[in-house]
Amino acid sequence: MADSSKSTEIPSSGTSTSSAAAKEAEKVSSELYTLIGLKGKATDTGPGVKECGKKDPEKYFQIFHSWSFIPASSEQLDGTMERLKADLPKHGWKVVAFGPDSSRNKNLSLTADNTAKKFSVDITYRAKGKPPYLNLFVVSGCYQIPDGDKIEQF
């Protein structure tokens with residue numbers, strides 16, 4: 001989740017298998033897709049597994065889901081980031097960062113945490129993309145694999 005408290009500690013998401021956690025990430029991404037509220041297409045990428053900071057990689061993991069949203073027409077994205085900044089808190093998200101990123105294009109970026117769902121999202125508006133699009137990176141807190149199970153890599 002986002003580093004809003006200036007702590008490097010990744011919050012706990014509890015105990016789960018990596019496949020069950022991946023389904024949760026897809027569900028969160030689906031809810032975010034609905035919140036975007038525009039006609040368009042999402043890239044068809046699945047979640048992945050990554051190590052959880054400096055914790056034991058045999059016992060702890062994070063799930064991430066990186067995907068893009070391409071609107072039916074590029075003009076639809078005008079004002080979308082500002083609307084998401086206002087709407088996400090109504091759905092349990094806390095916006096922890098909003099503004100231009102550090103890239104040469106100064107893409108508008110938003111970071112939000114959902115403590116109930118134990119997920120964070122970074123949304124970047126790639127206005128100069130051909131066509132313009134939103135890039136979303138959804139990441140979980142730190143899961144612990146149940147005793148006797150192994151972390152699946154995908």
Side-chain angles (χ1 to χ4, degrees), residues 1-37 40-71 77 80-81 84-85 87-129 132-154:
M1 297 197 24
D3 187 13
S4 59
S5 65
K6 302 217 182 334
S7 164
T8 56
E9 182 90 11
I10 300 167
S12 171
S13 286
T15 303
S16 179
T17 63
S18 42
S19 58
K23 286 182 180 144
E24 263 319 292
E26 288 178 321
K27 185 177 170 187
V28 168
S29 286
S30 180
E31 291 168 2
L32 289 165
Y33 179 89
T34 300
L35 285 174
I36 291 170
K41 266 207 265 197
T43 54
D44 189 18
T45 56
V49 176
K50 68 182 205 139
E51 290 183 7
C52 190
K54 295 180 180 178
K55 292 190 175 203
D56 182 348
E58 299 294 316
K59 293 182 180 180
Y60 298 93
F61 65 96
Q62 283 181 279
I63 294 291
F64 67 91
H65 189 204
S66 182
W67 56 281
S68 297
F69 174 81
I70 300 104
L77 286 179
T80 298
M81 293 293 282
L84 285 170
K85 181 183 175 194
D87 287 352
L88 284 168
K90 299 173 191 170
H91 297 275
W93 294 89
K94 178 182 179 188
V95 176
V96 295
F98 184 79
D101 66 12
S102 59
S103 73
R104 184 178 53 173
N105 289 337
K106 302 290 182 207
N107 298 307
L108 188 55
S109 182
L110 179 151
T111 302
D113 294 337
N114 190 313
T115 54
K117 294 182 187 303
K118 302 193 184 332
F119 276 90
S120 182
V121 64
D122 288 314
I123 306 172
T124 305
Y125 175 25
R126 308 275 182 182
K128 294 186 178 173
Y133 64 97
L134 298 178
N135 190 65
L136 291 90
F137 185 79
V138 175
V139 65
S140 72
C142 199
Y143 285 102
Q144 182 173 351
I145 195 76
D147 288 341
D149 281 337
K150 289 192 181 272
I151 298 170
E152 299 171 73
Q153 297 294 328
F154 42 84

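Side chains included, hydrogens not; waters and symmetry mates left out as well; all remaining heavy atoms used. Given the structure is predicted, the values throughout are model-derived calculations rather than measurements. Residue indices begin at 1 and follow the sequence shown.
- Within the 4.5 Å cutoff, no side-chain heavy atoms of Tyr60 are placed close to those of Ile151.
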> Given Ile123 and Met81, is the side chain to side chain contact (heavy atoms under 4.5 Å, CB included) satisfied, shown in steps?
Replying inline: CA-CA 8 Å; Ile123 306 172; Met81 293 293 282; 3.8 Å; yes

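- Separating the CD1 atom in Ile63 from the OG atom in Ser13 is a distance of 10.0 Å, to the nearest 0.5 Å.
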>> Evaluate Leu110 against Leu88 for side chain to side chain contact (heavy atoms under 4.5 Å, CB included), listing each step before the verdict.
In response: CA-CA 10 Å; Leu110 179 151; Leu88 284 168; 3.6 Å; yes

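- In terms of heavy atoms, Leu134 sits closest to Thr80 at CD1-CG2, 4.2 Å.
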> Passes side chain to side chain contact (heavy atoms under 4.5 Å, CB included), Trp67 versus Asp44? Steps please.
Replying inline: CA-CA 7 Å; Trp67 56 281; Asp44 189 18; over 6 Å; no

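- Here side-chain hydrogen bond (donor to acceptor under 3.5 Å, both in side chains) pairs that include residues 141-154, with residues two or more places apart or in two chains, are Ser19-Glu152.
- Taking all atoms of both residues into account, the shortest heavy-atom contact from Phe119 to Trp93 is O-CZ3, 3.6 Å.
- By the side chain to side chain donor-acceptor pair (under 3.5 Å) test, Ser103 pairs with Asp101, Asn107, sequence neighbours left out.
- Shown here are the side-chain contact (heavy atoms from CB on, under 4.5 Å) partners of Ala127, two or more places apart in sequence or in another chain: Tyr125.
- Under the side-chain contact (heavy atoms from CB on, under 4.5 Å) test applied with Ser68, the options Thr45, Asn135, Thr124 reduce to a single match, Asn135.
- Contact between Ser29 and Val138 at its shortest, heavy atoms only, is OG-CG2, 3.5 Å.
- The structure places OG of Ser109 at 8.5 Å from CZ of Arg126, a figure rounded to the nearest 0.5 Å.
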Side-chain donor-acceptor contacts of residues 49-58 below 3.5 Å, not counting sequence neighbours, with atom names and distances?
{"from": "Asp56", "atom 1": "OD1", "to": "Glu58", "atom 2": "N", "distance (Å)": "2.8"}

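- Applying the salt bridge (charged side-chain N to carboxylate O under 4.0 Å, His left out) rule to pairs touching residues 15-32 yields Glu31-Lys117, sequence neighbours excluded.
- At distances below 3.5 Å, not a single donor-acceptor pair connects side-chain atoms of Thr111 with backbone N or O atoms of Ala97.
- For the atom pair Cys142 SG and Glu9 CD, the distance stands at 8.0 Å (nearest 0.5 Å).
- Under the 4.5 Å side-chain criterion, counting only non-hydrogen atoms from C-beta, Thr43 is in contact with Ile70.
- Of all non-hydrogen atoms in Pro132 and Pro71, the two that sit nearest each other are O-CD, 3.5 Å.
- The heavy-atom pair separating Asp113 from Ser120 by the smallest distance is OD1-OG, 2.8 Å.
- Scanning both residues, Phe137 and Ser66, for their nearest heavy atoms gives CD1-CB, 3.7 Å.
- With sequence neighbours excluded, the residues forming a salt bridge (charged side-chain N to carboxylate O under 4.0 Å, His left out) with Asp87 are Arg83, Lys90, listed by chain and number.
- In this structure, Phe61 CZ and Ile145 CD1 are separated by 5.0 Å, a value rounded to the nearest 0.5 Å.
- Side-chain atoms of Asn114 come within 3.5 Å of backbone N or O of Ala116 as a donor-acceptor pair.
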